[in-house]
Amino acid sequence: MDFTLPPGEPALAPHDSVSWKVFKNPIATFVGGVAAVILELAEPRVRTGVWAHSSFRTRPMQRLQRTGLAAMVTVYGAQGTAEEMIAHVVRRHGQVTGFTPSGEAYSANDVDLLTWVQATASFGFVEAYHAYVRPLPREQFDRFYLEGRAAARFYGAIDAPASEAHMRTLFDSMRGRLEASPIVFEFLDILRQAPILPTPLRPMQRLLVRAAVEITPAWVRERLGLKRGLGLSAVERRFVRWAGRFADRIMLGDSPAVQACQRLGLPADYLYRADP
């Protein structure tokens with residue numbers, strides 16, 4: 001997808017947003033995305049819908065690529081492009097219905113489920129950036145959640161959190177809903193083994209999966225049976241932070257972030273300069 005087109009058209013999130021800063025970092029997006037899915041799979045209706053209707057188990061790479069592209073379009077794509085893509089996703093979600101193993105009905109377009117999915121995604125990305133790239137002031141957490149509201153409404157997540165306090169309230173309300181499942185461990189195993197990074201970097205891939213477990217709230221890890229050894233040691237945590245900060249300085253000319261800056265007439269390195 002060419003993120004330089006159409007020239008001058010803004011994205012759903014403004015170019016000076018926290019979102020544009022966070023999503024340019026591949027460490028934050030990978031770790032945050034994995035943490036988000038861990039939280040999503042803890043909810044039985046979301047878990048059944050994802051595992052029964054997606055190709056993640058059979059074609060994990062294709063699924064990851066589609067999900068990653070959708071995130072980039074939502075943040076950096078021109079408004080018209082993003083709205084068209086989201087409308088397509090919503091239509092596809094309309095076909096995802098069924099019952100959990102316990103007999104509970106679900107629909108992918110249910111507002112409560114959409115809100116949980118959008119909320120966990122926002123939580124994962126901003127927490128990963130904060131933990132492994134650059135600490136963010138607390139007010140930037142609020143900005144990040146608020147910036148995501150426009151896209152969330154297009155997806156149908158009309159109750160998506162607009163602040164960190166709102167996010168904490170939602171998490172508290174979900175304590176009785178989240179539960180352990182072997183599917184969470186199957187998901188983590190798939191991510192450890194899928195050829196996402198070149199073979200020499202596969203140990204780093206497994207480390208990033210553990211970094212995602214690390215930023216999942218402690219009470220959720222306990223509920224899911226994600227033992228302490230599945231997270232990071234102090235040395236590993238420092239290494240992931242180093243990698244995140246290093247990645248934050250690497251500018252790729254064909255990345256969605258750089259192309260989006262060019263679409264708006266901004267310097268290609270706009271997002272890679274020192275913070276104001």
Side-chain angles (χ1 to χ4, degrees), residues 1 3 19 22-43 46-77 81-82 85-86 88-90 92-93 95-96 108 113-114 116-129 132-133 148 151 155 181-216 224 226 230 240 243-244 247 250 252 254-257 259:
M1 179 170 290
F3 286 81
S19 301
V22 167
F23 278 86
K24 79 177 189 300
N25 188 288
I27 299 292
T29 52
F30 181 88
V31 173
V34 175
V37 177
I38 292 172
L39 290 164
E40 291 166 17
L41 294 179
E43 210 289 336
V46 176
R47 179 172 64 245
T48 306
V50 169
W51 228 237
H53 295 270
S54 80
S55 58
F56 191 87
R57 284 174 294 178
T58 56
R59 294 185 295 169
M61 284 301 297
Q62 292 87 336
R63 174 65 189 222
L64 289 170
Q65 288 166 350
R66 289 198 305 272
T67 302
L69 178 60
M72 292 298 110
V73 173
T74 300
V75 175
Y76 295 116
T81 303
M85 180 211 70
I86 293 171
H88 174 72
V89 172
V90 171
R92 291 287 298 274
H93 280 173
Q95 305 170 26
V96 179
L113 301 190
L114 289 169
W116 181 241
V117 170
Q118 291 293 316
T120 55
S122 295
F123 172 87
F125 292 129
V126 74
E127 288 289 338
Y129 191 92
Y132 303 122
V133 182
Y155 278 108
S181 170
I183 288 175
V184 174
F185 293 91
E186 184 179 352
F187 163 72
L188 294 175
D189 285 339
I190 290 172
L191 279 189
R192 293 186 192 102
Q193 300 169 21
I196 300 169
L197 296 180
T199 302
L201 295 178
R202 207 60 54 79
M204 180 65 179
Q205 178 178 316
R206 291 190 284 270
L207 196 63
L208 294 181
V209 172
R210 291 165 59 193
V213 174
E214 182 81 8
I215 63 170
T216 305
L224 299 181
L226 298 172
L230 294 175
V240 175
I250 303 300
L252 301 177
D254 60 350
S255 70
Q259 288 188 12

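Because the structure is a prediction, the values reported are computed rather than measured.
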Q: Calculate, to the nearest 0.5 Å, the distance between atoms CZ and CG belonging to Arg206 and Leu201 respectively.
A: 11.0 Å
Q: Ignoring hydrogens, what is the shortest heavy-atom contact between Ala35 and Gly124? Give both atom names and the distance.
A: CB-CA, 4.4 Å
Q: Check whether Trp51 reaches the backbone of Arg57 with its side chain - one donor and one acceptor, N or O, closer than 3.5 Å.
A: no
Q: Considering non-hydrogen atoms only, spot the tightest contact between Leu39 and Phe123 and give its length.
A: CD1-CD2, 3.7 Å
Q: So do Ile38 and Val213 actually touch side chain to side chain, heavy atoms under 4.5 Å?
A: yes
Q: From Gln259 CD over to Met72 CE, what is the distance, rounded to the nearest 0.5 angstrom?
A: 12.0 Å
Q: Without swapping roles, check the side chain of Glu127 against the backbone of Ile215 for a donor-acceptor pair under 3.5 Å.
A: no
Q: Considering only heavy atoms from C-beta outward, does the side chain of Glu43 approach that of Thr120 to under 4.5 Å?
A: no
Q: Could you report the tightest heavy-atom contact between Gly244 and Asn25, atom names first, then the distance?
A: O-ND2, 2.9 Å
Q: Please report the interatomic distance CZ(Phe185) to CG(Leu230), rounded to the nearest 0.5 Å.
A: 6.5 Å
Q: Would you give the length of the straight line joining atom CG of Leu207 to atom CZ of Arg192, rounded to the nearest 0.5 angstrom?
A: 11.5 Å
Q: Taking all heavy atoms of Leu224 and all of Ala42, pick out the closest pair and write down the distance.
A: CD2-CB, 3.7 Å
Q: Side chains of Val89 and Tyr155, heavy atoms from C-beta outward: is any pair under 4.5 Å?
A: yes
Q: Over all heavy atoms of both residues, which pair between Thr74 and Ala151 is shortest? Give the atoms and the distance, please.
A: CG2-CB, 3.4 Å
Q: Any side-chain heavy atom of Phe3 sitting closer than 4.5 Å to one from Val73?
A: yes
Q: Mark yes or no for whether Thr29, through its side chain, and Pro26, through its backbone, hold a donor-acceptor pair below 3.5 Å.
A: yes
Q: Within the distance-only criterion (no hydrogens, no angle test), does the side chain of Gln95 pair as donor or acceptor with the backbone N or O of His53 below 3.5 angstrom?
A: no
Q: Between side-chain atoms of residues 62-70 and protein atoms elsewhere (two or more places apart, or another chain), which donor-acceptor pairs fall under 3.5 Å?
A:
| residue | atom | partner | partner atom | Å |
| --- | --- | --- | --- | --- |
| Arg66 | NH2 | Ser55 | OG | 3.3 |
| Thr67 | OG1 | Arg63 | O | 2.9 |

Q: Report yes if the side chains of Phe187 and Val34 come closer than 4.5 Å at any heavy-atom pair, otherwise no.
A: yes
Q: Could you go through Phe30 and Ile196, starting from their C-alpha distance and side-chain angles, then the distance that decides it, and tell me whether this counts as side-chain contact (heavy atoms from CB on, under 4.5 Å)?
A: CA-CA 10 Å; Phe30 181 88; Ile196 300 169; 3.9 Å; yes
Q: Would you give the length of the straight line joining atom CD of Glu214 to atom OH of Tyr132, rounded to the nearest 0.5 angstrom?
A: 5.0 Å
Q: Nearest 0.5 Å, please: how far is OG1 in Thr48 from CG in Leu41?
A: 9.5 Å
Q: Sequence neighbours left out, what pairs pass salt bridge (charged side-chain N to carboxylate O under 4.0 Å, His left out) with at least one residue falling in residues 22-42?
A: Lys24-Asp248
Q: Kindly indicate whether the side chain of Leu191, heavy atoms from C-beta on, has any atom under 4.5 Å from the side chain of Val37.
A: no
Q: Using every non-hydrogen atom in the two residues, find where Ile27 and Ala247 come nearest and quote the distance to one decimal.
A: CG1-CB, 3.9 Å
